[in-house]
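Please read the structure below before turning to the comments.
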Amino acid sequence: MKRVLLLILLAMAILPGKVRSQAGTVTYSGQIHNPGGDAIDYATVVLLQGDRQIAGGTTDDAGNFALKADRGIIH
């Protein structure tokens, strides 16, 4: 649980500069690293609005992720 929370916080830190719009959806993408700078592979990444999960996925073997959400849901 601590790992997932850490990943959420890390993702939120890198998301503002990584948003692309596509036909009514927004794509959040980035790369998750551990404190040593190494990519974290196959980690769970979730996008939350309050306590509600909006989107979720996993990182690939290089720590990259992309999450899509409906436009207008994220404030």
Side-chain angles (χ1 to χ4, degrees):
M1 183 65 179
K2 287 182 182 180
R3 180 177 177 186
V4 172
L5 182 58
L6 174 63
L7 293 176
I8 292 169
L9 293 174
L10 289 172
M12 290 176 68
I14 62 172
L15 287 178
K18 302 286 184 173
V19 177
R20 290 181 282 143
S21 297
Q22 295 179 343
T25 64
V26 177
T27 301
Y28 296 88
S29 61
Q31 189 175 50
I32 304 295
H33 296 270
N34 66 21
D38 300 318
I40 300 176
D41 56 347
Y42 308 108
T44 301
V45 180
V46 294
L47 180 60
L48 301 174
Q49 183 177 34
D51 291 336
R52 186 172 150 236
Q53 182 175 331
I54 303 299
T58 58
T59 60
D60 62 14
D61 59 348
N64 299 307
F65 70 92
L67 304 176
K68 291 185 181 182
D70 291 334
R71 182 186 304 259
I73 290 180
I74 309 302
H75 304 278

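This structure is a prediction, so every number in the text was calculated from the model and none was measured.
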dist Thr44:OG1 -> Ile32:CD1 (nearest 0.5 Å) comes out at 11.0 Å
To the closest 0.5 Å, what do you measure between CG (Asn64) and CG (Asp41)?
11.0 Å
Smallest heavy-atom separation, Leu48 atom then Gln53 atom, equals CD2-CA, 3.6 Å
Is Phe65 close to Asp60 at the side-chain level, that is, under 4.5 Å between some pair of heavy atoms?
no
Mark yes or no for whether Thr59, through its side chain, and Ala43, through its backbone, hold a donor-acceptor pair below 3.5 Å.
yes
Smallest separation among heavy atoms of His33 and Ala39, with atom names:
ND1-N, 3.9 Å
For Gly56 versus Leu67, what's the shortest heavy-atom pair and its separation?
C-CD2, 3.5 Å
